[in-house]
Amino acid sequence: MQKKTESGLKQAVKAFSILGGVGIYLVVFVGICGYIGSLLGDYLQLGKAGIIGGIILGFPAAFYTLYRQLKNNELI
């Protein structure tokens, strides 16, 4: 009985660590894209459109890279 509980706990910790890493990766990736968009917006005098464009382009790029990374590690 004890062995099954440890196995479930290990699986839960592994799942939590993977999901936590995914969340942190998304926030950092989209933040960097927003920052680059801000710099580009300042350079091209676009105002807030640069930040919004960076965020809009950052989400699909982040999801794509996460999908590839998880697929290569056979986690999905």
Side-chain angles (χ1 to χ4, degrees):
M1 252 359 233
Q2 186 69 15
K3 197 77 156 162
K4 189 174 184 178
T5 305
E6 290 177 0
S7 176
L9 181 61
K10 285 182 182 180
Q11 287 179 346
V13 169
K14 183 178 178 183
F16 180 74
S17 66
I18 290 171
L19 291 175
V22 166
I24 291 170
Y25 180 82
L26 281 173
V27 169
V28 170
F29 196 93
V30 172
I32 290 171
C33 288
Y35 179 70
I36 291 171
S38 171
L39 293 177
L40 190 62
D42 289 344
Y43 180 73
L44 298 175
Q45 298 176 353
L46 298 173
K48 301 288 183 191
I51 297 172
I52 294 170
I55 291 171
I56 289 173
L57 292 175
F59 269 112
F63 281 117
Y64 177 71
T65 56
L66 273 173
Y67 174 76
R68 277 190 25 211
Q69 183 179 8
L70 293 174
K71 187 75 168 172
N72 287 341
N73 291 334
E74 297 178 1
L75 296 173
I76 58 172

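No hydrogens, no waters, no symmetry mates; every other heavy atom, side chains included, goes into these values.
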Point-to-point distance, once rounded to the nearest 0.5 Å, from [atom1] of [X] to [atom2] of [Y]:
X: Ile55; Y: Ile36; atom1: CD1; atom2: CD1; answer: 12.0 Å
X: Leu44; Y: Leu40; atom1: CG; atom2: CG; answer: 4.5 Å
X: Ser38; Y: Leu46; atom1: OG; atom2: CG; answer: 10.5 Å

### Query
Considering all heavy atoms of both residues, which atom of Cys33 and which atom of Gly58 are nearest to each other, and what is their separation?
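Closest pair (atom of Cys33, atom of Gly58, distance): SG-CA, 3.7 Å.
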### Query
Phe29, Phe59: one ILVMFWY side-chain cluster at the under-4.5 Å cut-off?
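Yes, because Phe29 and Phe59 connect within a single hydrophobic cluster, where side-chain heavy atoms sit under 4.5 Å apart.
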### Query
Can you hop from Leu70 to Val30 via hydrophobic side chains spaced under 4.5 Å?
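They do share one cluster, since a chain of ILVMFWY contacts under 4.5 Å joins Leu70 to Val30.
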#### Entry: Ile24 and its side chain to side chain contact (heavy atoms under 4.5 Å, CB included) partner, picked from Leu26, Val28, Val22
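Among the candidates, only Val28 passes.
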### Query
Checking Thr65 side chain against Ala61 main chain: does a donor-acceptor pair fall under 3.5 Å?
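At least one qualifying donor-acceptor pair exists.
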### Message
Surrounding OH of Tyr25 (heavy atoms of other residues, nucleotides or ligands, distance under 6.0 Å), is the total greater than 12?
### Response
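Yes, the 6.0 Å shell around OH holds more than 12 heavy atoms from other groups.
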